[in-house]
Amino acid sequence: MSRSSRVAVIGAGSVGSTIAFALLIQRISSEILMVDIVQEIAEGQVSDLSDANFVASNHVRVGTFEEAGQSDIIIITAGAKQRPNETRLDLIDRNYKILDNVIGSMKPINPNAILLLVSNPVDILTYIAQKLSGLPKNQVFGSGTFLDSARLRRKLSGILGVSENSIHCYSLGEHGDSQIIAWSSASVGGKPLLEFPEVAILDKELVAKEISNKANEIIKLKGATFFGIAGCVSLVVQSIIFNQRHIRPLSTYVEEYGCVFSMPVVLGRNGVEKVIDINLNQEEKDKLKQSAKILRGVCAKYV
C-alpha cells in the first residue's frame, strides 16, 4: 500500500465528509471516494470538498458501492445518528440493517482491503462486519476508544502541564459506558502516572465518567460529533498507508476476552499487526471481563 492508495468513505454525512476533508488536506491518499445511498448528498459533498482541493493534489469523486468494495481502505460511517441520552448499544437495531446492506452492496470485496468501522456501537458493528465481510479479523477493526484516549490525554495534559504526546494512558474496552481507564499501566516520562501527586488526588471514577460521556455532552450542544473522530481516523489511515506501525487503542477481536473491543494494537500496512498485552491490575481486568461478557451477549443475538 502506498500514497497512491484509494480510500472509500461510505456515508456522506457530517462524519464521513469531515473524515474526507481531513484526508484531503493532509494529502494522505491520492484518491478519495465518497459513497452514499443518497447520490445527491455525495455529489454535494464532493463538489464542496473539491473547492478545498487547491491545498492538495488528491482526487475526490463520487463512487459506487462496488468501487468502494475494491478500494484499499474502506471507512464505514453510514448509520443512524446517536440521539441525546441514547447509549451506543441502543443504536444496534437501527445500524445493523444499514451495515448489512452496505457490506452486501460492496461484494465481492477486495481480499486485501482494510475495513474500518466508525459507526456506533462500533465494537458490535465491527464484530458483525468481521462476520459479514469474510475478511481476516486483522483487516476489519473499529475506531474504538482512540478518541476517548485522546480526550483523556488532553485532560491529563492540562493537569500535569506536559504535552499530550508524552502521556501514555489509554481508555480500553467498550467504546461506551463500560470502558475503563488503564491507570495502573499509565506513565509519563517513564514515571508511573499514579505517582504524580496531581493524579493521586483525582477522583478517578469521575474522570472516567467525564471521558465516556463527553460525546453526549457535545451531542446535546450541537447534535453530533465529527471533528475529533475525523482527526483520529486520518491518523489511522496514515499509519496503514505508510506502514508506520503506531500503537493505537482500536476495536479489534481480543482472544483473551473472546470479544471485539479496544486494546492497544500495532497498526500497519496489514491492519492490526499485533494486540499489545498491556499490564493491568486485577480490578481493571475484572471490569474488562464484565464488559466483554455484556458485549458477547449482545453480539450473539445478531450473528
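The figures that follow rest on heavy atoms only: side chains count, while hydrogens, waters and symmetry mates do not.
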| said: Evaluate Phe21 against Ile25 for side chain to side chain contact (heavy atoms under 4.5 Å, CB included), listing each step before the verdict. | reply: CA-CA 6 Å; Phe21 180 66; Ile25 63 172; 3.6 Å; yes
| message | I'd like to know if the side chain of Asn279 pairs up with that of Ser185 as donor and acceptor (distance under 3.5 Å, no hydrogens or angles considered). | response |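 Short answer, no.
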| query | Looking just at side-chain N and O atoms, do Ser234 and Gln26 make a donor-acceptor pair shorter than 3.5 Å? | reply |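 Yes, side-chain donor-acceptor contact under 3.5 Å.
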| When you look at Ser171 and Ser149, which way does the side chain to side chain contact (heavy atoms under 4.5 Å, CB included) test go after all the steps? | CA-CA 5 Å; Ser171 286; Ser149 297; 3.8 Å; yes
Donor-acceptor pair, [X] side chain versus [Y] backbone, under 3.5 Å?
{"X": "Gln139", "Y": "Pro111", "answer": "yes"}
{"X": "Ser239", "Y": "Leu235", "answer": "no"}
{"X": "Thr18", "Y": "Ser14", "answer": "yes"}
{"X": "Asn213", "Y": "Asn216", "answer": "no"}
{"X": "Gln45", "Y": "Ser17", "answer": "no"}

| query | Just wondering, more than 12 heavy atoms not from Asp277 lying within 6.0 Å of its CG? | reply |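 For Asp277, atom CG is not crowded (no more than 12 foreign heavy atoms under 6.0 Å).
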| message | Going by the rule side chain to side chain donor-acceptor pair (under 3.5 Å), which residues pair with Ser119 if we only count those two or more places apart in sequence or in a different chain? | response |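 Per chain and number, Ser119 pairs via side chain to side chain donor-acceptor pair (under 3.5 Å) with no residue.
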Look up atom [atom1] in [X] and atom [atom2] in [Y], then write down how far apart they are to the nearest 0.5 Å.
{"X": "Glu66", "Y": "Ile109", "atom1": "CD", "atom2": "CD1", "result": "11.5 Å"}
{"X": "Ile75", "Y": "Ile10", "atom1": "CD1", "atom2": "CD1", "result": "9.5 Å"}
{"X": "Lys155", "Y": "Arg151", "atom1": "NZ", "atom2": "CZ", "result": "13.0 Å"}
{"X": "Ile201", "Y": "Ile159", "atom1": "CD1", "atom2": "CD1", "result": "8.5 Å"}
{"X": "Asn243", "Y": "Gln238", "atom1": "CG", "atom2": "CD", "result": "12.5 Å"}
{"X": "Phe146", "Y": "Arg248", "atom1": "CZ", "atom2": "CZ", "result": "4.0 Å"}

| message | I want to check something: taking the side chain as every heavy atom from C-beta on, are Lys209 and Glu205 in contact at a cut-off of under 4.5 Å? | response |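 Sidechains of Glu205 and Lys209: no contact.
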| Within a strict 4.5 Å, meaning less than it, do heavy atoms of the Asn112 and Asp72 side chains meet? |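 Side-chain contact under 4.5 Å: no.
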Tell me the closest heavy-atom pair linking [X] and [Y], and the distance in Å.
{"X": "Met34", "Y": "Gly11", "value": "CE-O, 4.1 Å"}
{"X": "Ser262", "Y": "Ser251", "value": "OG-N, 3.4 Å"}
{"X": "Phe141", "Y": "Gly271", "value": "CE2-CA, 3.8 Å"}
{"X": "Leu250", "Y": "Val265", "value": "CD1-CG2, 3.9 Å"}
{"X": "Leu23", "Y": "Asn58", "value": "O-ND2, 3.8 Å"}
{"X": "Ser71", "Y": "Asn110", "value": "O-ND2, 3.3 Å"}

Applying a strict under-4.5 Å side-chain criterion to I, L, V, M, F, W and Y, I'd like to know whether [X] and [Y] cluster together.
{"X": "Ile247", "Y": "Ile181", "value": "no"}
{"X": "Leu202", "Y": "Leu172", "value": "no"}
{"X": "Leu193", "Y": "Ile276", "value": "no"}
{"X": "Val298", "Y": "Leu132", "value": "yes"}
{"X": "Met263", "Y": "Leu147", "value": "yes"}

| request: Under the side chain to side chain contact (heavy atoms under 4.5 Å, CB included) rule, what do Leu24 and Ile32 come out as? Steps first, then yes or no, please. | output: CA-CA 8 Å; Leu24 186 150; Ile32 302 170; 4.2 Å; yes
| query | With Glu273, which residues qualify under salt bridge (Lys or Arg N to Asp or Glu O under 4.0 Å), at least two apart? | reply |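 With sequence neighbours excluded, Glu273 shows a salt bridge (Lys or Arg N to Asp or Glu O under 4.0 Å) to Arg245, given in chain and number order.
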| query | Under 4.0 Å between a Lys/Arg side-chain N and an Asp/Glu carboxylate O for Glu31 and Arg6? | reply |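 So Glu31 pairs with Arg6 through a salt bridge.
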Donor-acceptor pairs under 3.5 angstrom involving side-chain atoms of residues 288-296: please list them, not counting sequence neighbours.
from: Ser291; atom 1: OG; to: Ser178; atom 2: OG; distance (Å): 2.7
from: Arg296; atom 1: NH1; to: Tyr257; atom 2: O; distance (Å): 2.6

| field | salt bridge (Lys or Arg N to Asp or Glu O under 4.0 Å): pairs with one or both residues in residues 213-224, sequence neighbours excluded | value |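 Listed once each, the pairs are Glu217-Lys220.
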| request: Scan residues 97-108 for pairs that pass salt bridge (Lys or Arg N to Asp or Glu O under 4.0 Å), counting only residues two or more places apart or in two chains. | output: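 Of all non-adjacent pairs touching residues 97-108, none passes salt bridge (Lys or Arg N to Asp or Glu O under 4.0 Å).
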| task | Could you tell me which residues satisfy side chain to side chain contact (heavy atoms under 4.5 Å, CB included) with Ser184, sequence neighbours excluded, listed by chain and number? | result |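 Scan of Ser184 (side chain to side chain contact (heavy atoms under 4.5 Å, CB included), adjacent residues dropped) gives Asn281, Glu284.
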| query | Among Ile241, Val233, Leu116, which residue meets the side-chain contact (heavy atoms from CB on, under 4.5 Å) test with Val7? | reply |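 Going through Ile241, Val233, Leu116 one by one, the side-chain contact (heavy atoms from CB on, under 4.5 Å) with Val7 is satisfied by Ile241 alone.
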| query | Passes side chain to side chain contact (heavy atoms under 4.5 Å, CB included), Leu99 versus Ile128? Steps please. | reply | CA-CA 8 Å; Leu99 181 60; Ile128 293 170; 4.0 Å; yes
